[in-house]
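Single-structure report; data block below.
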Amino acid sequence: MIDDNQTPQAPTGTHDLMPPESARWESLLGLFANLSHRYSFGLVHTPMFEDVRVFQRGIGEVSEVVSKEMYEFTDRGGRHYALRPEGTASIVRAFVQHRPTTPFRAWYATPSFRYERPQAGRYRQHHQVGVEVLGSDDADIDVEVIALAQRFFEGLGLKSFTLSLNSMGDGACRPQYVEMLRSFLAEHQADLCEEHAKVYAINPLRVLDCKKDACQEVTEKGPFLEDVLCGECHDHLARVEEGLRQEGISFIRSPRLVRGFDYYTRTTFEFASDALEGAQNAIGGGGRYDGLVESLGGPPTPGIGFGIGIERVLLACDAEGVFVVESLPPVAFVVDATGGDQARRITASLRAFGISVDRAYDQRSMKAQFKAADRSGAALALVVGDDELASNSVTVRPLRTQDEQITITLEELFERVRKTGRIL
RNA sequence: GUGGUCGUAGCUCAGCUGGCAGAGCGCCGGGAUGUGGCCCCGGAGGUCGCGGGUUCGAGCCCCGUCGGUCACCCCA
């Protein structure tokens with residue numbers, strides 16, 4: 001809300017990304033893009049908003065995210081839209097719309113919006129990088145997808161994180177298990193936590209994920225999906241585990257891991273930072289969703305993917321003291337005491353040669369221009385005074401070393417840059 | 001959605017039992033005429049988040065509100 005007497009601020013739970021922090025984002029996104037290409041994923045951009053039904057049908061109407069946290073709006077044409085709360089549903093919608101050849105391997109980087117109360121590591125607009133593979137249920141793909149996430153975290157320098165792995169079963173075994181669990185919970189309803197005693201019947205799996213002691217004590221004695229997985233799911237899980245071992249990726253089997261979206265089947269996984277204090281320690285997660293394409297109107301098509309929260313990953317990096325990125329200073333800074341015409345020419349020419357150059361403006365004093373040069377972080381100051389102007393030359397003064405400054409003609413400077421790509 | 005806590009200069013923060021808004025850093029200018037960092041001198045910059053109330057007088061007390069932050073919940 002903007003008060004007329006107050007300067008406007010970024011909306012609650014959102015943040016402006018500016019230098020120098022933005023340099024880290026550039027670097028992180030570059031790393032993820034490179035890795036995605038190495039794994040043969042193609043970039044997909046979808047609109048940041050979709051018909052609400054894409055998310056309702058995709059993620060599940062009773063899920064917390066869809067029922068309570070979506071930014072919904074009606075446009076001037078009366079269409080009912082929602083800002084994307086997560087990445088997968090949109091990609092699947094695009095897949096259904098365009099029907100690319102399978103397996104379809106997509107990577108993305110996008111903001112996500114959820115109307116939640118902000119806190120450390122939780123924002124109303126946060127950003128995710130992720131991948132999706134549609135059109136194959138080969139367990140090797142599960143392994144590749146998990147491996148990509150693992151390599152990404154390693155590439156950032158993270159060490160202190162844990163991969164949890166579970167299987168949610170499929171259409172053959174999960175419904176049966178859900179019923180078993182439902183009736184088991186009904187018997188122990190009195191012992192569940194306040195919230196789940198009321199709602200356990202709607203989605204019994206949620207109770208497994210409850211962190212309250214009451215629910216944990218109950219479910220520990222209850223049926224585990226692991227024990228009733230059908231043969232195919234069991235084999236699939238075993239092959240994923242084997243693949244991860246071959247990749248040298250350690251994980252813990254986590255039979256209680258139930259993720260927040262209803263579309264998951266079979267493989268589900270989550271990466272949690274051990275360096276982050278507090279509850280917001282999930283830095284990435286995903287899983288298989290073999291029924292999602294169908295529920296969005298496409299042909300039966302298996303799929304799997306993950307999303308990684310950029311803000312959280314960077315918090316984890318901070319906590320571990322890794323992925324420190326310096327913003328790139330210009331190579332040279334032009335100081336011109338003769339009015340600025342030479343500065344304009346030199347700056348433009350060097351930039352055309354691919355050299356990063358900054359300069360001073362407003363015809364400020366020598367001292368002020370040198371101060372600006374120093375602050376810019378540039379290695380060299382290129383100085384133009386009356387003498388240089390008269391001889392069509394420039395004085396190159398090293399700012400980071402004790403080396404002597406030299407004066408050379410512009411002709412010589414450009415020739416040198418043309419040949420070597422460097423000023424010195 | 002619930003609860004705790006905090007809003008003073010661009011940043012980090014002082015400001016006594018209500019009595020003239022401060023410091024450090026940063027920024028701008030100067031320190032003899034063309035050279036940054038260190039040092040010295042000077043300067044600009046504040047509706048004390050916003051709106052009410054109490055009071056002779058409110059940055060300080062009271063109410064409301066907005067925002068930050070932390071926790072629950074959920075998740076990235």
Side-chain angles (χ1 to χ4, degrees), chain A residues 1-15 18 59 63-69 84-88 109-130 149 161 193-196 199 206 209-212 257-261 270-273 276-286 306-316 333 335-338 360 362 364-390 394-402 404-405 407:
Chain A
M1 197 72 72
I2 295 182
D3 190 309
D4 283 344
N5 292 317
Q6 221 177 332
T7 51
Q9 301 179 10
T12 300
T14 69
H15 294 278
M18 300 170 69
I59 302 167
S63 68
E64 191 96 356
V65 166
V66 166
S67 61
K68 302 196 328 216
E69 298 177 355
R84 134 157 81 248
E86 59 96 49
T88 303
T110 178
S112 291
F113 305 87
R114 294 180 200 167
Y115 192 87
E116 304 181 88
R117 210 48 192 273
Q119 71 183 76
R122 201 182 69 183
Y123 314 103
R124 288 190 174 170
Q125 176 177 341
H126 77 279
H127 299 79
Q128 294 189 15
V129 291
F161 60 91
C193 78
E194 199 178 338
E195 184 192 347
H196 287 115
V199 301
R206 290 248 65 83
D209 209 25
C210 182
K211 278 122 195 151
K212 299 240 166 63
L257 177 66
V258 173
R259 297 182 42 75
F261 307 138
E270 191 168 280
F271 287 89
S273 168
L276 289 179
E277 306 284 327
Q280 317 300 326
N281 66 346
I283 53 178
F306 67 71
I308 289 173
I310 297 178
E311 288 87 350
R312 287 219 188 142
V313 163
L314 289 175
L315 285 176
F333 191 103
V335 169
D336 181 357
T338 66
D362 303 319
R364 303 217 286 150
S365 70
M366 256 330 189
K367 177 167 176 162
Q369 292 196 44
F370 265 94
K371 257 180 120 139
D374 185 51
R375 258 201 315 267
S376 78
L380 303 169
L382 305 182
V383 188
V384 179
D386 293 330
D387 297 348
E388 286 87 351
L389 182 62
V394 65
T395 294
V396 181
R397 176 179 174 82
L399 295 172
R400 311 291 148 199
T401 65
Q402 296 305 311
E404 289 294 307
Q405 62 185 38
T407 301

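So you know, we letter chains A, B, ... as the sequences are listed, proteins then strands, and number each from 1.
Not one side-chain nitrogen or oxygen of Arg122(A) sits closer than 4.0 Å to the OP1 or OP2 atom of A71(B). Regarding contacts with the backbone of C66(B), every side-chain N or O of Thr12(A) stays at 4.0 angstrom or more from both OP1 and OP2. Residue Gln119(A) has a polar side-chain atom (N or O) positioned under 4.0 Å from OP1 or OP2 of A71(B).
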Dump every N/O contact between nucleotides 36-42 of chain B and the protein below 3.5 Å, one line per pair.
{"residue": "G36(B)", "atom": "O2'", "partner": "Asp374(A)", "partner atom": "OD2", "Å": "3.4"}
{"residue": "G36(B)", "atom": "N7", "partner": "Arg397(A)", "partner atom": "NH2", "Å": "3.4"}
{"residue": "G36(B)", "atom": "O6", "partner": "Arg397(A)", "partner atom": "NH2", "Å": "2.8"}
{"residue": "G36(B)", "atom": "N1", "partner": "Leu399(A)", "partner atom": "O", "Å": "3.0"}
{"residue": "G36(B)", "atom": "N2", "partner": "Asp374(A)", "partner atom": "OD1", "Å": "3.0"}
{"residue": "G36(B)", "atom": "N2", "partner": "Leu399(A)", "partner atom": "O", "Å": "2.4"}
{"residue": "G36(B)", "atom": "N3", "partner": "Asp374(A)", "partner atom": "OD1", "Å": "3.4"}
{"residue": "G37(B)", "atom": "O4'", "partner": "Asp374(A)", "partner atom": "OD2", "Å": "3.3"}

List every contact pair, protein side and nucleotides 3-6 of chain B side both N or O, where the distance is under 3.5 Å.
{"residue": "G3(B)", "atom": "O6", "partner": "Arg117(A)", "partner atom": "NH2", "Å": "3.1"}

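No contact: Ala337(A) has no heavy atom under 4.0 Å from any strand. When heavy atoms are screened at a 4.0 angstrom cut-off, Glu388(A) is found touching base atoms of the nucleic acid. Nucleic acid contact class of Ser112(A) (heavy atoms, under 4.0 Å, all strands): none. Contact annotation for Gly130(A): no contact, since no heavy-atom pair falls under 4.0 Å across all strands. Gly13(A) comes within contact range of the sugar-phosphate backbone alone, with a heavy-atom separation under 4.0 Å but no base atom that close.
Residue Gln405(A) has its side chain nearest to U35(B) when only C28(B), A76(B), U35(B) are considered.
For C20(B), there is no paired base (Watson-Crick or G-U wobble, both distances below 3.5 Å).
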